[in-house]
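Here's the structure we're looking at; comments come further down.
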Amino acid sequence: MVTAGQRADAWVFTQVMDRIRIPRVGGGHPRTRPGHVLADRAYSSRAIRTYLRRRQIPHTIPEKRDQAGHRRRRGTAGGRPPGFDWEMYERRHKVECRIGLLKQARGVATR
């Protein structure tokens, strides 16, 4: 899905996830759930986390600082922080950095 200009793309997250089709190696119907979702802080909303939990999709999404502060301020009523795997997130960050380097070299590569 294409979003308009500077508009955030987190609001179309559920629509994109509903369109995912992962082909199976041995044939058969494609899978509609990924094995794991890695995302940055922009996708750290209650709606997205609830959607992923409801579909039983494991995810690694860091919590925004203001969300963590609000949760802590509420005390025991705020609940516990969402689980987070730093090692998995570091691997995602490395891939994103490499893609950024490729984008910078695009002008040289296309000449």
Side-chain angles (χ1 to χ4, degrees):
M1 298 193 69
V2 178
T3 58
Q6 296 297 317
R7 183 157 184 172
D9 54 354
W11 68 277
V12 294
F13 178 82
T14 56
Q15 296 167 358
V16 171
M17 291 297 291
D18 288 338
R19 292 181 180 190
I20 287 180
R21 299 293 178 261
I22 304 166
R24 295 184 187 269
V25 176
H29 293 291
R31 291 186 313 131
T32 57
R33 290 187 313 161
H36 199 95
V37 171
L38 293 167
D40 59 6
R41 291 180 198 275
Y43 294 91
S44 179
S45 71
R46 182 179 295 157
I48 289 175
R49 289 183 190 275
T50 303
Y51 173 83
L52 293 171
R53 251 186 254 114
R54 192 176 63 242
R55 292 198 58 203
Q56 298 178 350
I57 300 172
H59 57 279
T60 302
I61 303 172
E63 188 177 29
K64 291 181 181 178
R65 288 188 183 102
D66 65 333
Q67 289 174 345
H70 295 311
R71 181 181 41 74
R72 277 191 236 105
R73 202 170 303 116
R74 292 188 64 201
T76 57
R80 62 181 184 201
F84 187 73
D85 183 2
W86 275 105
E87 186 176 317
M88 178 82 76
Y89 192 72
E90 284 178 5
R91 286 189 278 170
R92 175 208 162 271
H93 180 68
K94 286 180 183 178
V95 169
E96 189 169 324
C97 288
R98 297 302 173 253
I99 290 171
L101 287 173
L102 290 173
K103 286 182 178 181
Q104 287 179 358
R106 180 179 54 203
V108 175
T110 56
R111 290 188 181 131

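Residues take their numbers from the sequence shown, with the count starting at 1. What you are looking at is a predicted structure, and each value in this text was computed from that prediction instead of being measured. Values reported hereafter were calculated over all heavy atoms of this structure, with side chains retained and with hydrogens, waters and symmetry mates removed.
- From His59, atom NE2 reaches atom OG of Ser44 across 8.5 Å, with rounding to the nearest 0.5 Å.
- The CZ atom of Arg72 sits 11.5 Å away from the CD atom of Gln67 when rounded to the nearest 0.5 Å.
- Here Leu102 is tied to no hydrophobic group at all, with no ILVMFWY side chain closer than 4.5 Å.
- Closest non-hydrogen pair, Pro62 versus Tyr89, comes out as CD-CE1, 3.6 Å.
- The CD atom of Glu87 sits 10.5 Å away from the OG1 atom of Thr60 when rounded to the nearest 0.5 Å.
- Cluster note: Leu38 groups with Met88 through ILVMFWY side-chain heavy atoms spaced under 4.5 Å, whether in direct contact or through intervening members.
- For the side chain to side chain donor-acceptor pair (under 3.5 Å) with Glu96, the lone residue among Arg98, Lys94, Arg92, His93 that qualifies is Arg92.
- In this structure, the side chain to side chain contact (heavy atoms under 4.5 Å, CB included) partners of Pro58, at least two apart in sequence or on a different chain, are His36.
- Among pairs with a residue in residues 18-29, those fulfilling salt bridge (Lys or Arg N to Asp or Glu O under 4.0 Å) read Asp18-Arg55, at least two apart in sequence or across chains.
- Closest heavy-atom contact between Ala42 and Ala10: O-CB, 3.8 Å.
- Cluster note: Met17 groups with Phe13, Ile20, Ile22, Val37, Tyr43, Ile48, Tyr51, Leu52, Ile57, Ile61 through ILVMFWY side-chain heavy atoms spaced under 4.5 Å, whether in direct contact or through intervening members.
- By the salt bridge (charged side-chain N to carboxylate O under 4.0 Å, His left out) test, Asp66 pairs with no residue at all, sequence neighbours left out.
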